[in-house]
Amino acid sequence: QVQLVESGGGLAQTGDSLRLSCAASGRTFSSYAMGWFRQAPGKEREIVAAISPIGSTRYYADSGKGRFTISRDNAKSTVYLQMNSLKPEDTGVYYCAGRSFASIEVRPSDYHYWGQGTQVTVSS
């Protein structure tokens, strides 16, 4: 079992930066692909970024390309999402997720472990 705890959300203004962190418990973190998802009010949960177990492969949704960077530190069992040049449309609850396979997937249903989410609100 893996437990995930996100932190780093909050209020931001357009153009600001935030860094989200997700701390994982469990001894197998380094074998899991990890992802960040976002759920805006009234919308479905969607992928923001994902990273393979050793960080060699990364995926970004079009909405975050060039602005967001996903990274991980397996020694600290932590995955990060650096978000720069924030826009109001980045507003939502951000969830960290892990899947007990090495391949990156983009559907929420492909992930087995979820954090409780952290709110990000970007004002114009």
Side-chain angles (χ1 to χ4, degrees):
Q1 291 291 330
V2 175
Q3 292 184 325
L4 304 174
V5 179
E6 302 99 334
S7 61
L11 298 175
Q13 294 186 332
T14 297
D16 284 352
S17 296
L18 285 175
R19 188 175 83 153
L20 305 183
S21 299
C22 172
S25 65
R27 294 175 291 179
T28 54
F29 175 79
S30 61
S31 65
Y32 289 2
M34 299 296 295
W36 284 99
F37 289 78
R38 174 176 65 214
Q39 189 162 19
K43 295 188 177 181
E44 295 184 351
R45 195 170 298 188
E46 61 180 3
I47 187 82
V48 175
I51 189 168
S52 60
I54 61 171
S56 56
T57 303
R58 305 181 193 199
Y59 168 87
Y60 296 97
D62 288 344
S63 59
K65 282 182 181 176
R67 299 187 299 124
F68 294 178
T69 302
I70 188 170
S71 61
R72 65 191 296 163
D73 185 338
N74 286 342
K76 296 182 178 179
S77 296
T78 301
V79 61
Y80 305 97
L81 184 68
Q82 177 68 43
M83 303 188 294
N84 299 329
S85 302
L86 284 164
K87 305 175 181 179
E89 50 264 44
D90 295 323
T91 293
V93 179
Y94 283 71
Y95 296 91
C96 173
R99 55 183 262 105
S100 49
F101 297 100
S103 60
I104 288 177
E105 300 293 343
V106 300
R107 297 179 304 179
S109 59
D110 288 322
Y111 286 75
H112 308 105
Y113 307 104
W114 290 88
Q116 81 287 353
T118 185
Q119 177 71 45
V120 171
T121 303
V122 184
S123 62
S124 58

Validation row: [X], [Y] side chains within 4.5 angstrom (heavy atoms):
{"X": "Asp16", "Y": "Val122", "result": "no"}
{"X": "Tyr95", "Y": "Arg45", "result": "yes"}
{"X": "Arg58", "Y": "Thr69", "result": "yes"}
{"X": "Ile70", "Y": "Tyr60", "result": "yes"}

Minimum heavy-atom separation for [X] to [Y], with atom names?
{"X": "Ser21", "Y": "Thr78", "value": "CB-CG2, 4.3 Å"}
{"X": "Tyr94", "Y": "Leu20", "value": "CB-CD1, 3.5 Å"}
{"X": "Ala24", "Y": "Val2", "value": "CB-CG1, 4.2 Å"}
{"X": "Pro53", "Y": "Ala33", "value": "CG-N, 3.9 Å"}
{"X": "Ala50", "Y": "Ile104", "value": "CB-CG2, 3.5 Å"}
{"X": "Asn84", "Y": "Ser17", "value": "OD1-OG, 2.9 Å"}

Could you check whether any side-chain N or O of [X] sits under 3.5 Å from a backbone N or O of [Y], counting only pairs where one atom can act as donor and the other as acceptor?
{"X": "Gln116", "Y": "Val5", "result": "no"}
{"X": "Arg38", "Y": "Val48", "result": "no"}
{"X": "Thr14", "Y": "Ser123", "result": "yes"}
{"X": "Ser25", "Y": "Gln3", "result": "yes"}

Rounded at 0.5 Å granularity, tell me how far [atom1] in [X] sits from [atom2] in [Y].
{"X": "Ser100", "Y": "Asp110", "atom1": "OG", "atom2": "CG", "result": "11.0 Å"}
{"X": "Trp36", "Y": "Ile47", "atom1": "CH2", "atom2": "CD1", "result": "11.5 Å"}
{"X": "Leu4", "Y": "Phe29", "atom1": "CG", "atom2": "CZ", "result": "8.0 Å"}
{"X": "Glu6", "Y": "Leu81", "atom1": "CD", "atom2": "CG", "result": "11.0 Å"}
{"X": "Glu89", "Y": "Ser124", "atom1": "CD", "atom2": "OG", "result": "10.0 Å"}
{"X": "Glu46", "Y": "Ser63", "atom1": "CD", "atom2": "OG", "result": "5.5 Å"}

Just to verify, what does Thr121 make a side-chain hydrogen bond (donor to acceptor under 3.5 Å, both in side chains) with, not counting sequence neighbours?
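Thr121: side-chain hydrogen bond (donor to acceptor under 3.5 Å, both in side chains) contacts with Gln119.
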
Contacts of type side-chain hydrogen bond (donor to acceptor under 3.5 Å, both in side chains), residue Tyr111, not counting sequence neighbours:
none

Could you walk me through whether Phe101 and His112 pass the side-chain contact (heavy atoms from CB on, under 4.5 Å) check?
CA-CA 10 Å; Phe101 297 100; His112 308 105; 3.6 Å; yes

By the disulfide bond (SG atoms under 2.5 Å apart) test, which pairs, at least two apart or in different chains, include something from residues 41-106?
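Residue pairs passing disulfide bond (SG atoms under 2.5 Å apart), neighbours aside: Cys22-Cys96.
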
Determine, using the 4.5 Å side-chain heavy-atom cutoff (strictly less than), whether Val93 and Trp114 are members of one ILVMFWY cluster.
yes

Tyr113 and Tyr32 aromatic ring geometry - parallel, tilted or perpendicular at 30°/60° bounds
parallel

Evaluate side-chain contact (heavy atoms from CB on, under 4.5 Å) for Val120 paired with Met83, printing each intermediate quantity in order.
CA-CA 11 Å; Val120 171; Met83 303 188 294; 4.0 Å; yes

Quick one: do Phe68 and Leu86 satisfy side-chain contact (heavy atoms from CB on, under 4.5 Å)? Show the steps, please.
CA-CA 9 Å; Phe68 294 178; Leu86 284 164; 4.2 Å; yes

Hey, mind stepping through Ser103 and Arg99 against side-chain hydrogen bond (donor to acceptor under 3.5 Å, both in side chains) and telling me if it holds?
CA-CA 9 Å; Ser103 60; Arg99 55 183 262 105; 2.9 Å; yes

Can you tell whether the side chains of Lys87 and Asp90 come within less than 4.0 Å, N to carboxylate O?
no

